[in-house]
There are 2 protein chains.
Amino acid sequence: MVTPGLPQGTYARQVPRTPATTGIRFVKGHGTGNDFIIVPDLSGTLTLSPEWVRAACSRRTGLGADGVIRVVRSGADPNLAWAGDADFVMDYRNADGSIAEMCGNGARVMMRYLLEAGLITDAPVILGTRGGPRQAWIEQKRITINMGSAVAGPESTVSSGGQQWPALGVYVPNPHAVVLVPDLREIPDLRQAPTLAPDSAFPEGVNVEFVQRHSPSRLTMRVYERGVGETMACGTGACAVAWALGSFPEGSVSVEQPGGIVQISMRGNGDLLLTGPAELVASGDLNLS
Amino acid sequence: MVTPGLPQGTYARQVPRTPATTGIRFVKGHGTGNDFIIVPDLSGTLTLSPEWVRAACSRRTGLGADGVIRVVRSGADPNLAWAGDADFVMDYRNADGSIAEMCGNGARVMMRYLLEAGLITDAPVILGTRGGPRQAWIEQKRITINMGSAVAGPESTVSSGGQQWPALGVYVPNPHAVVLVPDLREIPDLRQAPTLAPDSAFPEGVNVEFVQRHSPSRLTMRVYERGVGETMACGTGACAVAWALGSFPEGSVSVEQPGGIVQISMRGNGDLLLTGPAELVASGDLNLS
């Protein structure tokens, strides 16, 4: 095909109009490099299909994120009745469209959104999650989420790159398999999913954390999240490793991940408090075909 | 640290305000899975630092993209005087902040933006790029960019994963090293950058394409883009491989990449026409700290 020469075009308008804004409003943010698409839906009228979540989270053909958090005012959506009398409901999905109990880094990003949208002050609020109600508050730029208590899970064996390790099971309340290694620089390539045995240990899938202990209050960690792959940070994973391998001599355990550092502390009743930063980087309209 | 029990928070407002919109307006889109942040700047008043581009393109702490395209009306920014009397200037940067000549898939996304913003009709326009002026037009949903003619570059040797291949050099006008392989499924892991010898062949760096030829008019290709890594598609790369390894018996060569299919045709004067789809998926404000 040889296209004939075409005349130079002329402008149709001198002032640009904004491209279609009939899509779904979003805010994108991250907590220690774990990134989320916040979908404000205070009146609880949106239905996000797994296909939509996958398309939105796709790194090149969508907006790109580790997960989607639909933010709904408590009581607005009868499908979220499990949230009880929380202030706001965290309807959380993984990037693959699956539903997850909750996500600590995501909860911080949600709190930052609520604050910047003028929906909360610095007084504590209750976030309703599929893992139960979570108290959360903001002090200075640090956001704290009460993640509830950890519960021991089954022991298992994690395999990756021809190596094997024993793993401790922890529920926070989503499932984690925690592997203590002598040197975090020598773990296998996490672009491949680690495998777990026996299959019956975590039939619902599991997040795998590799952890190096520098002191009882300082851990370094990398994580492979189920349904996502390696991420720069995982809030419940940081809680799981602090609970399983740290101790709280001076009140908190520092957990260093590729995306940044969070602090984990423990209340007298066993509740774990996750404290860390969260940033919002963009807001707008999402129009997926 | 044991945080004392805190009372449940109250709402500060009943209607959310939109989070800060004082940032930089953007539109995100992709052409065959090669994704871009369009920054509309018709009056040419913005300066995008390499640091800003890197932060914006960061997949987790920013918005995420393969590159940034600042769209400026011709003549508005004296720093873009190289664009001459084009209609709109394509000020293109790679994800690492470096400046690049042009990008065919990016040019299609820019055209889609111009159309949806009401700035052009379906009449052809001239895009000013650092590679020279490029005529472009939209027919139905397919966008065609006149990429200009290809020029032969130096031969070289590409190495990756312990293998070596001879490579053909092509400028479109950015530099490409084209490697013909018998089976595209057997090339090495492109998460590692291929290396090139001699260094003097492309002192400014080079994009490397691995290509399988199914017929003279049907090629499959994967690409490692300098400054980016493997991408789902590369417009100038598709032109380079069609020019180097295809022929035009029925007018066009189909180049299939992981992100989709484009057609390359050749005018009588040797100009290569790149035709393919482009979609816009989001628009809004980008606020990078």
Side-chain angles (χ1 to χ4, degrees), chain A residues 1-3 6-13 16-21 23 26-28 30 33-35 40 42 59-64 66 87 113 116-121 123-126 135 137 144 191 232 251-252 259 265-268 273 279-289, chain B residues 1-3 6-13 16-21 23 26-28 30 33-35 40 42 59-64 66 87 113 116-121 123-126 135 137 144 191 232 251-252 259 265-268 273 279-289:
Chain A
M1 181 188 78
V2 175
T3 304
L6 290 160
Q8 182 171 328
T10 53
Y11 306 140
R13 292 163 59 98
R17 65 171 183 257
T18 302
T21 54
F26 76 89
V27 177
K28 183 169 191 270
H30 74 96
N34 203 191
D35 66 335
L42 296 178
R59 294 272 169 200
R60 291 191 162 84
T61 58
L63 194 63
D66 290 329
D87 294 308
Y113 160 73
E116 294 201 12
L119 290 161
I120 62 172
T121 62
V125 292
I126 302 292
Q135 194 179 48
W137 61 92
T144 297
R191 289 175 293 198
M232 293 180 73
S252 74
S265 55
M266 192 188 283
R267 282 187 165 169
L273 305 180
E279 304 287 340
L280 305 182
V281 298
S283 61
D285 293 280
L286 193 43
N287 291 277
L288 300 167
S289 56
Chain B
M1 182 189 77
V2 175
T3 304
L6 290 160
Q8 182 172 328
T10 52
Y11 307 140
R13 291 161 59 98
R17 67 171 181 255
T18 301
T21 54
F26 75 89
V27 177
K28 184 169 189 273
H30 74 96
N34 203 193
D35 66 333
L42 296 179
R59 293 271 169 201
R60 290 191 163 84
T61 59
L63 194 62
D66 290 327
D87 294 308
Y113 161 72
E116 294 200 12
L119 290 160
I120 61 172
T121 63
V125 291
I126 302 292
Q135 194 179 48
W137 60 93
T144 297
R191 290 175 294 200
M232 293 180 73
S252 75
S265 55
M266 191 188 284
R267 283 187 165 171
L273 304 181
E279 305 286 340
L280 305 182
V281 298
S283 61
D285 293 279
L286 192 45
N287 291 278
L288 300 166
S289 56

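First the proteins, then the strands, lettered A, B, ... as listed; each starts at 1.
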S.K.: For chain B, which of A:Glu279, A:Lys28, A:Arg191, A:Met232 has the most heavy-atom pairs under 4.5 Å?
M.R.: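 Most heavy-atom pairs under 4.5 Å with chain B: A:Arg191.
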S.K.: Distance from A:Arg59 atom CZ to B:Arg60 atom CZ, nearest 0.5 Å?
M.R.: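 The distance works out to 4.0 Å.
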S.K.: Can you tell which part of A:Asp66 gets under 4.5 Å to a heavy atom of chain B, answering side chain, backbone, both or neither?
M.R.: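 Answer is side chain: those atoms of A:Asp66 sit under 4.5 Å from chain B.
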S.K.: Looking only at non-hydrogen atoms, find the nearest pair between A:Thr61 and B:Val281 and report the distance.
M.R.: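 Residues A:Thr61 and B:Val281, closest heavy atoms: O-CG1, 3.4 Å.
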S.K.: What is the minimum heavy-atom distance between B:Phe26 and A:Ala282, and which atoms define it?
M.R.: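 Smallest heavy-atom distance, with atoms named: CE2-CB, 4.1 Å.
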S.K.: How long is the span from the CG atom in B:Leu280 to the CG atom in A:Asp285, to the nearest 0.5 Å?
M.R.: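 These two atoms lie 12.5 Å from each other.
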S.K.: I'd like to know which of B:Gly284, B:Gly64, B:Pro40 tops the heavy-atom pair count under 4.5 Å against chain A.
M.R.: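 Heavy-atom pair counts peak at B:Gly284.
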